[in-house]
Amino acid sequence: MKLFIETLGCAMNSRDSEHMIAELTEKEGYETTNDFREADLILINTCSVREKPVSKLFSELGVFNKKKKPDAKIGVCGCTASHLGEEIIKRAPYVNFVLGARNVSKISEVLHKDRAVEIDINYDESEFAFNDFRTSSYKAFINISIGCDKSCTYCIVPKTRGDEISIPDTLIINEAKKAVDAGAKEIFLLGQNVNNYGRRFSGEHEKVNFSELLRRLSKIEGLERIRFTSPHPFHMDDEFIEEFAKNPKICKSMHMPLQSGSSKVLKEMKRGYTKEWFLNRVEKLRKECPEVSISTDIIVAFPGESDEDFLDSLDVMRQVRFNQIFSFKYSARPETEAEHFTNTVDEEVASLRLTTLQNLHTEILDEINATSLGKTYKVYFEDLIQDYYVSGRSDDNIVIKVKGSDELLGQFRDVKITSIGRTILTGEVVA
Ligand code: 5AD
Ligand code: SF4
């Protein structure tokens, strides 16, 4: 029996897909395939954070239905499953089941029911022991919490992933140890709001915050690198920044989702911080950890964003000089507060702002990258890529490739940069 799975969206979704593959291979005897035409089960693990992927879902389902094997089943999972539920089967009656982002552990169960719709966003799978499956043997994604307790006015996630519950630290440490025993030297901790870890557990649990979790994880022998995403700027207290800076196992790359540089817009978004707080946290972070690289998410044209507000976003970009940005045009989402805001920004203005922002970033990035030429980075190699190259990441999250073969996979090497590209640097191994 063959399983084809397509995964959209964030790293949490990728991990959910790994969990579903693990359950289906262990309990149901499936093996994965890259060709949906030979699959007995087709899963689409969806994202609903912006409108585009949602509208794509139905056209894709149509294609799967037409070209699949006659008795192959189709399941729609993930965030769009959570928010559309039953409607998916109404619009695409050939879909066999719908499984929400908060119900991944029920994959085997829904598989054997006819037209099952499992989308309970209060379902607590924080202590569910999933079977093992990892796409990479060099790096392990590990969930540390499920759901999100924030109420950002643009965001659908609290409606698709439910309330935030932290996973007991013993389970996380266990997962990390298992991954290290299987050869991974790096772990990647996942949660909507990682530095809010410990706010709520489902059962009795000792008080452990994110900084303490990081300290405990970093004691694992053989574990060399810890990454995480996403922290929330509001929860970046001094303890967290200091632990980040002084703990040698924590990679010096921080994602700080700004969303907007205007305090007025941030208030409308209910982000809980101001432009000044954000800049203050960046200053503290750079003071404690000068080598840190910082990435961010920015939304342009949120309802009511004036030219002046947008200039504030550009101003923060110039002051912080982010190493990487993920930038989006605001997209109204169902069941969010901002969906009802009427002061929307003109589409043309929105497009122009997005281009302006991205051009400024490219300019900054080119300047940053130019300083990398001739520098040496410690790279952890993870992937074989085209033309006999092997790629990996530096501690501060730069993607670097060198000529080489699979002997380099899972190894740390010092690499000197010989040429610069926007998304990847090229170098040669020097030690
Ligand atoms: N419109 C545009 N971008 C959004 N994001 C979340 N919701 C929306 C929306 N409604 C962006 C945010 C978030 C990233 C994952 O997606 O920047 O950090
Ligand atoms: Fe991830 Fe959010 Fe998309 Fe869900 S809606 S897959 S949480 S990015």
Side-chain angles (χ1 to χ4, degrees), residues 5-20 43-57 76-84 99-104 119 121 141 143 145-164 190-194 229-234 255-261 265-266 268-273 278 295-305 313 316-317 322 324-341 344-345 347 350-351 353-354 357-358 361:
I5 182 160
E6 177 181 331
T7 308
L8 307 166
C10 62
M12 309 274 302
N13 251 26
S14 302
R15 182 62 186 139
D16 288 345
S17 285
E18 289 185 339
H19 279 148
M20 288 191 284
L43 295 181
I44 312 186
N45 195 5
T46 59
C47 171
S48 53
V49 79
R50 281 170 294 277
E51 199 182 348
K52 239 195 221 155
V54 179
S55 38
K56 240 183 69 187
L57 169 69
V76 177
C77 318
C79 288
T80 310
S82 302
H83 102 256
L84 291 182
L99 183 68
R102 183 74 175 241
N103 312 90
V104 180
I119 52 166
I121 62 160
F141 288 99
N143 289 350
S145 60
I146 58 175
C148 177
D149 267 359
K150 296 274 179 254
S151 42
C152 301
T153 54
Y154 53 82
C155 190
I156 196 172
V157 175
K159 294 285 182 321
T160 65
R161 290 190 177 265
D163 289 346
E164 192 172 312
L190 300 176
Q192 293 300 335
N193 235 326
V194 286
T229 203
S230 275
H232 194 298
F234 175 78
H255 189 61
M256 291 182 71
L258 170 66
Q259 311 302 2
S260 168
V265 174
L266 286 169
E268 295 288 307
M269 290 176 161
K270 296 209 175 141
R271 288 290 289 168
Y273 55 86
F278 187 92
S295 57
T296 198
D297 291 347
I298 300 182
I299 297 175
V300 300
F302 183 77
E305 186 189 71
S313 292
V316 174
M317 297 248 308
F322 295 105
Q324 191 178 21
I325 67 164
F326 300 91
S327 51
F328 314 99
K329 242 190 265 180
Y330 169 71
S331 155
R333 307 304 297 123
E335 295 181 67
T336 60
E337 230 183 296
E339 181 198 11
H340 308 291
F341 293 179
T344 49
V345 175
E347 176 59 30
S351 297
R353 285 185 189 164
L354 188 66
L357 189 92
Q358 290 174 342
H361 173 64

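Below, each value reflects all heavy atoms present in this structure, side chains not excepted, and no hydrogens, waters or symmetry copies. Both counts, for ligands and for their atoms, begin at 1 and track the order of listing. The model shown is predicted, which means the values in this text are computed figures rather than measured ones.
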Among all protein heavy atoms, pick the one closest to [atom] and tell me residue, atom and distance.
{"atom": "atom 9 (C) of ligand 1", "answer": "S331 O, 3.5 Å"}
{"atom": "atom 3 (Fe) of ligand 2", "answer": "C47 SG, 2.4 Å"}
{"atom": "atom 6 (C) of ligand 1", "answer": "V49 CG2, 3.3 Å"}
{"atom": "atom 1 (Fe) of ligand 2", "answer": "C10 SG, 2.2 Å"}
{"atom": "atom 4 (Fe) of ligand 2", "answer": "C79 SG, 2.1 Å"}
{"atom": "atom 2 (C) of ligand 1", "answer": "K329 O, 3.4 Å"}
{"atom": "atom 2 (Fe) of ligand 2", "answer": "V157 CG2, 3.0 Å"}
{"atom": "atom 14 (C) of ligand 1", "answer": "D297 OD2, 3.6 Å"}
{"atom": "atom 5 (N) of ligand 1", "answer": "R50 NH1, 3.6 Å"}

* Asked: What atoms in ligand 1 come closer than 4.0 Å to a heavy atom of R333?
  ->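 This gives 10 (N) as the contact atoms.
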
Counting heavy atoms only, which part of [X] comes closer than 4.0 Å to ligand 1: side chain, backbone, both or neither?
{"X": "I299", "answer": "side chain"}
{"X": "Q259", "answer": "side chain"}
{"X": "P257", "answer": "neither"}

* Asked: Does some non-hydrogen atom of G78 fall short of 4.0 Å from ligand 2?
  ->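 Contact absent.
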
* **Over 12 non-hydrogen atoms of neighbours within 6.0 angstrom of CD in E6** =>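 Yes, the 6.0 Å shell around CD holds more than 12 heavy atoms from other groups.
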
* **Shortest reach to atom 7 (N) of ligand 1 by a heavy atom, considering only Y154, F328, Y330** =>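 When every heavy atom of Y154, F328, Y330 is considered, Y154 comes closest to atom 7 (N) of ligand 1.
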
* Only heavy atoms count here, so choose which of D16, N13, I156 is nearest to atom 6 (S) of ligand 2. =>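 Checking each option, the heavy atom nearest atom 6 (S) of ligand 2 is found in N13.
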
Ignoring hydrogens, what is the shortest heavy-atom contact between [X] and [Y]? Give both atom names and the distance.
{"X": "R353", "Y": "A301", "value": "NH1-CA, 4.3 Å"}
{"X": "E339", "Y": "R333", "value": "CB-O, 3.3 Å"}
{"X": "T7", "Y": "S17", "value": "OG1-OG, 2.7 Å"}
{"X": "L258", "Y": "I298", "value": "CD2-CD1, 4.0 Å"}
{"X": "H83", "Y": "V54", "value": "CE1-CG2, 4.5 Å"}
{"X": "E164", "Y": "D149", "value": "N-OD1, 2.9 Å"}

* Asked: Is the Y273-F234 ring centre distance short of 6.0 angstrom?
  ->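 Ring-ring flag for Y273/F234: false, centres at least 6.0 Å apart.
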
* To do: Check each atom of ligand 2 against the heavy atoms of Q192 and keep those under 4.0 Å away; list them by number with element.
  =>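 Under 4.0 Å from Q192, ligand 2 has these atoms: 7 (S).
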
* **Sub-4.0 Å atoms of ligand 2 with respect to non-hydrogen atoms of R161** =>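 Going through ligand 2 atom by atom, the ones under 4.0 Å from R161 are 4 (Fe), 7 (S).
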
Okay, side chain of [X], backbone of [Y]: is any donor-acceptor separation there less than 3.5 Å?
{"X": "S82", "Y": "I119", "result": "no"}
{"X": "T80", "Y": "C47", "result": "yes"}
{"X": "N13", "Y": "L8", "result": "yes"}

